[in-house]
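Since we're looking at a predicted model, the values are computed, not measured. Hydrogens, waters and symmetry mates are skipped; everything else that's a heavy atom, side chains included, is used.
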Amino acid sequence: MADDPLPFAAAPSHLLEAAVYCADLDAAERFYNGILGLERIVRDRNRNVFFRVGTGVLLVFNPSETVKPPGNPDRPVPPHGALGDGHVCLAVPGPALDDWRARLETAGVEIEADFRWPNGARSIYVRDPDGNSVELAEQKLWKQPI
């Protein structure tokens, strides 16, 4: 990268999408839609399933499919993937976290951690069927220094 100053570009306004990788899309769909209640937007066979999260989208990709070159010239998305467990954090109102803990436990989902950060925000951590870390946290987690 050159030492020349970069031209101005406005900062992105928000996170539009984030991705995790799950080899078993049926299990991922049962978890993200059935247990977490996220609205399924679309599923493309065994390649991906996408879920609405507020104004953003959670992309769940099958890692063995996304490393392949695109087969559709109308969607020339470059191959991609990740190794190891990923992480995603979903915002939940603080008072609802007790309800979420009960729902997750009733569904047989192990609570990996449930604690308060130094700024007072609470987080609950679980694993999706592929081992990705899924955090449910109060939105104030990032409103003050943690």
Which side-chain N or O atoms in residues 92-99 pair as donor and acceptor under 3.5 Å with protein atoms at least two apart or in another chain?
unit_1: Asp98; atom_1: OD1; unit_2: Arg122; atom_2: NH1; d: 2.8
unit_1: Asp98; atom_1: OD1; unit_2: Arg122; atom_2: NH2; d: 3.3

- Carefully, step by step, assess Arg116 and Glu138 under the rule side-chain contact (heavy atoms from CB on, under 4.5 Å). CA-CA 10 Å; Arg116 290 200 178 275; Glu138 293 180 86; 3.2 Å; yes
- Item | CG-CZ distance between Leu36 and Phe51, expressed to the nearest 0.5 angstrom | 9.0 Å
- Item | Ser64 side, atom OG; Arg47 side, atom CZ - distance, nearest 0.5 Å | 10.5 Å
- Same apolar cluster: Val88 and Leu59, side chain cutoff 4.5 Å: no
- Which pair of non-hydrogen atoms, one from Asp128 and one from Cys22, has the smallest distance, and what is that distance?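 Asp128 and Cys22 have their closest heavy atoms at OD2-SG, 3.3 Å.
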- Message: So which atom in Cys89 and which in Ala137 form the shortest heavy-atom distance, rounded to 0.1 Å?
- Response: SG-CB, 3.7 Å
- Message: If you count heavy atoms of other groups shown closer than 6.0 angstrom to CD of Gln139, is the number above 12?
- Response: no
- Task: Give the intermediate values and the outcome of side-chain contact (heavy atoms from CB on, under 4.5 Å) for residues Asn132 and His87.
- Result: CA-CA 6 Å; Asn132 293 296; His87 172 75; over 6 Å; no
Answer yes or no: is there a side-chain heavy-atom contact under 4.5 Å between [X] and [Y]?
X: Val20; Y: Asp130; answer: no
X: Tyr32; Y: Val49; answer: no
X: Leu58; Y: Val60; answer: yes
X: Arg52; Y: Leu38; answer: no
X: Leu90; Y: Val53; answer: yes

If you look only at distance, which donor and acceptor atoms sit under 3.5 Å apart when one is on a side chain in residues 69-85 and the other is two or more places apart or in another chain?
unit_1: Asn72; atom_1: OD1; unit_2: Asp74; atom_2: N; d: 2.8
unit_1: His80; atom_1: ND1; unit_2: Tyr21; atom_2: OH; d: 2.7
unit_1: Asp85; atom_1: OD2; unit_2: Arg127; atom_2: NH1; d: 3.4

For [X], all residues meeting side-chain contact (heavy atoms from CB on, under 4.5 Å), sequence neighbours excluded:
X: Ile111; value: Arg101, Leu104, Glu105, Asp114, Ile124, Val126
X: Asn48; value: Asp44, Phe50, Phe61
X: Phe115; value: Ala113, Trp117, Tyr125

- With sequence neighbours excluded, give me every salt bridge (Lys or Arg N to Asp or Glu O under 4.0 Å) pair touching residues 27-43. Asp26-Arg43, Glu29-Arg40, Glu29-Arg43
- Message: For Lys143 and Asn119: C-alpha separation, side-chain torsions, deciding distance, then whether side-chain contact (heavy atoms from CB on, under 4.5 Å) applies.
- Response: CA-CA 9 Å; Lys143 299 230 183 259; Asn119 72 0; over 6 Å; no
